[in-house]
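Report on the structure given below.
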Amino acid sequence: MARSGRLRVGVLASGRGSNLQAIIDASEAGKLDAVVVVVLSDQPDVYALDRARRHRILGVFVDPKTHASREAFDKALIAALTEHQVELVCLAGYMRVLTSAFIDHFRHRVMNIHPALLPSFPGLHGQRQALRHGVKFSGCTVHFADEGVDTGPIIIQAVVPVFDDDSEETLAARILRYEHQIYPRAIQLYAEGRLHVRGRQVSCRGSEADRAPREGWGYIHP
Ligand code: GRF
């Protein structure tokens, strides 16, 4: 069914918010049928909240310490997102594991981005794990969040090479460029109603041309 109006996105972030920025920029440039209506953070004074406010988007610190449990905290998040009629929740460097009540409430309506090719290297420091393991390619993954840590159905991945002289920083920077491309892309596919989840598999309805690897979310020879 066709949507009326732009998809209302709520972003959860705990840090610098460069992915948030990429989503805002794509939205403001008219490349997304989506608009960020609220940014929630579990940390005060983070750059992600500044970025939101600079774009006249409501940025709210929700203090975990004022809630008795993880469940109570997530309930407060759900209330805030619902108040702003959020249709899709995007985790962008959000450092807390969501409760199953939150995931249930927004089933297949929560996306996350991870700096590795899942299911390899979930959890913290995906880039460091990839370097230590010695893989020759890594990348990033946008997936729907489920109850696990970085385990949900995969929507889009981008692959980047890993070089012998890479440090965690150089690899992270190479991956981040692609994060900023595939996250808005995944949101746009969702906004167009083209993503279909069956079990672990996410298929994208569309033309063959849309399905082909494209510059920005495939391996580009250096
Ligand atoms: C990104 O590398 C993302 O993949 C991971 O956390 C980092 C957040 O960066 N989940 P930013 O806050 O979006 O700049």
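At most 12 non-hydrogen atoms from other residues, nucleotides or ligands lie less than 6.0 angstrom from NE2 of H133. Remark: D45 CG is loosely packed, at most 12 non-hydrogen atoms of other residues, nucleotides or ligands lying under 6.0 Å away. When the shell of 6.0 Å around CZ of R132 is examined, it contains 12 or fewer heavy atoms from other residues, nucleotides or ligands.
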>> Could you walk me through whether L131 and R128 satisfy the side chain to side chain contact (heavy atoms under 4.5 Å, CB included) test, starting with their C-alpha distance in whole Å, then the side-chain angles of each, then the deciding distance to 0.1 Å, before giving a yes or no?
In response: CA-CA 5 Å; L131 278 178; R128 188 184 304 171; 5.8 Å; no
>> Working note: L12 + F102, criterion side chain to side chain contact (heavy atoms under 4.5 Å, CB included); need CA distance, chi angles, decisive distance, verdict.
In response: CA-CA 13 Å; L12 305 190; F102 187 101; 4.2 Å; yes
> Could you go step by step and tell me if I156 and V202 meet the side chain to side chain contact (heavy atoms under 4.5 Å, CB included) rule?
Replying inline: CA-CA 9 Å; I156 298 183; V202 182; over 6 Å; no
> Checking side chain to side chain contact (heavy atoms under 4.5 Å, CB included) for the pair V142/I187: CA distance, chi angles, key distance, verdict?
Replying inline: CA-CA 10 Å; V142 179; I187 295 168; over 6 Å; no
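One finds the CD1 atom of I155 at 8.5 Å from the NE2 atom of H143 (value rounded to the nearest 0.5 Å). Atom CZ of F144 sits about 7.0 Å away from atom NE2 of H108, to the nearest 0.5 Å. The CG atom of L40 sits 8.5 Å away from the CG atom of L49 when rounded to the nearest 0.5 Å. Summarising the geometry, atom CG belonging to N112 is positioned 9.5 Å from atom CG belonging to N19; distances are rounded to the nearest 0.5 Å. Taking CD of E71 as the reference point, atom OG of S100 lies at 7.0 Å (rounded to 0.5 Å). Between atom CG of residue L171 and atom OG of residue S138 there is a gap of 5.5 Å, rounded to the nearest 0.5 Å.
Across I24, V38, V11, V37, a single residue satisfies side-chain contact (heavy atoms from CB on, under 4.5 Å) together with I57, and that is I24. Paired with H105 under the rule side-chain contact (heavy atoms from CB on, under 4.5 Å), one option of L98, I78, V89 passes, and it is I78.
Residues L20 and Y47 are members of separate hydrophobic clusters, defined by side-chain heavy-atom contacts under 4.5 angstrom among Ile, Leu, Val, Met, Phe, Trp and Tyr. In this structure, L77 is a member of the same hydrophobic cluster as V60, with clusters built from ILVMFWY side-chain heavy atoms closer than 4.5 Å. L32 and V35 end up in different hydrophobic clusters when Ile, Leu, Val, Met, Phe, Trp and Tyr side chains are linked at under 4.5 Å. Residues V36 and V110 do not share a hydrophobic cluster, clusters being chains of Ile/Leu/Val/Met/Phe/Trp/Tyr side chains in contact below 4.5 Å. When hydrophobic clusters are built by joining Ile, Leu, Val, Met, Phe, Trp and Tyr residues whose side-chain heavy atoms come closer than 4.5 Å, directly or via intermediates, L88 is grouped together with L189.
Pairing each heavy atom of R174 with each of F163, the nearest pair is NH2-CD1, 3.2 Å. Heavy-atom minimum distance, I182 versus A158: CG2-CB, 3.9 Å. Scanning all heavy atoms of the two residues, the minimum distance from D42 to S14 falls at OD1-OG, 2.8 Å. The two residues V46 and G15 have their closest heavy-atom pair at CB-O, 3.6 Å. Nearest heavy atoms, G199 versus P153: O-CG, 3.8 Å. For L91 against A145, the heavy-atom pair with the smallest separation is CD1-CB, 4.3 Å.
Taking the six-membered ring for Trp and thresholds of 30 and 60 degrees, H67 and F73 have ring planes more than 60 degrees apart, a perpendicular arrangement.
Distance alone, capped at 3.5 Å, is enough to place a donor-acceptor pair between the S27 side chain and the A34 backbone. Remark: side-chain polar atoms of Y183 are paired, donor with acceptor, to backbone N or O of M111 under 3.5 angstrom. Under a 3.5 Å cut-off, the side chain of D74 and the backbone N or O of T99 do form a donor-acceptor pair. A side-chain donor-acceptor contact under 3.5 Å links H114 to the backbone of F121. Listed for the R194 side chain is no donor-acceptor partner under 3.5 Å among the backbone atoms of Q188. In this structure, R70 contributes its side chain and R96 its backbone to no donor-acceptor pair below 3.5 Å. Put simply, the side chain of Q129 gets close to the backbone of P122: a donor and an acceptor are under 3.5 Å apart. Side-chain atoms of T141 come within 3.5 Å of backbone N or O of A116 as a donor-acceptor pair. Using a distance-only test at 3.5 Å, with no hydrogens or angles considered, a donor-acceptor pair links the side chain of Q157 to the main chain of L118. In this structure, R51 contributes its side chain and G17 its backbone to a donor-acceptor pair below 3.5 Å.
Side chains of M95 and L124 form a contact here, defined as non-hydrogen atoms less than 4.5 Å apart. A 4.5 Å side-chain heavy-atom check between R198 and S203 finds every atom pair outside the cut-off. You'll find the side chain of D63 reaches within 4.5 Å of the side chain of F61, heavy atoms only.
Looking at R8 and E87, no side-chain N of the basic residue comes within less than 4.0 Å of a carboxylate O on the acidic one, giving no salt bridge.
Under 3.5 Å, the side chains of H180 and Q21 contain no donor-acceptor pair of N or O atoms. Side-chain polar atoms of D166 and T170 form a donor-acceptor pair below 3.5 angstrom.
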